[in-house]
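Please read all numbers here as calculations on a predicted model, not as lab measurements.
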Amino acid sequence: MQRMAFKAHYSTDDSKMVPITAVKEGKVVKINGGKASSVAVKTDIKTQQAIEITDGLKEGDAVAQAYDATLLEQNKLRSKTVDWSPDKK
């Protein structure tokens, strides 16, 4: 099973939009240097496909497309940049 990560999508007002599946209980899985970590984030606007991250990520951070706690146990993850935007279904 291939795990996907993507670069946080930049939106207006210094916020980031990520897939709704990327956030679970106020956290995302951030991937850096092949390692995953659970990062607390603050959210705001939510749609059926996306949620706005207002704090906890910076532009270009790689996060898992869906929150998956099993990623936290792995240390040799490869991320792939996915062309994603909140408008895509």
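- Asp55 places none of its side-chain heavy atoms less than 4.5 Å from the side chain of Val41.
- Taking each heavy atom of Tyr67 and Lys27 in turn, the nearest pair found is CD1-O, 3.5 Å.
- We find the CD1-OG1 distance between Ile53 and Thr43 to be 6.0 Å, quoted to the nearest 0.5 Å.
- Residues Val39 and Lys30 approach most closely at CG2-CB, 3.6 Å, considering heavy atoms.
- No side-chain heavy atom of Ile51 sits under 4.5 Å from any side-chain heavy atom of Ile45.
- Inter-residue side-chain proximity for Ser38 and Val29 is flagged as unmet; no heavy-atom pair is nearer than 4.5 Å.
- Between Ala50 and Met17, the shortest heavy-atom distance links the atoms CB-CE, 3.6 Å.
- In this structure, the side chain of Thr54 does not engage the main chain of Asp44 through any donor-acceptor pair within 3.5 Å.
- Looking at every heavy atom in both residues, Ala22 comes nearest to Ala64 through CB-O, 3.4 Å.
- In this structure, the side chains of Ile20 and Thr47 stay at 4.5 Å or more apart for every pair of heavy atoms.
- To the nearest 0.5 Å, atoms CD (Glu52) and NZ (Lys46) are separated by 13.0 Å.
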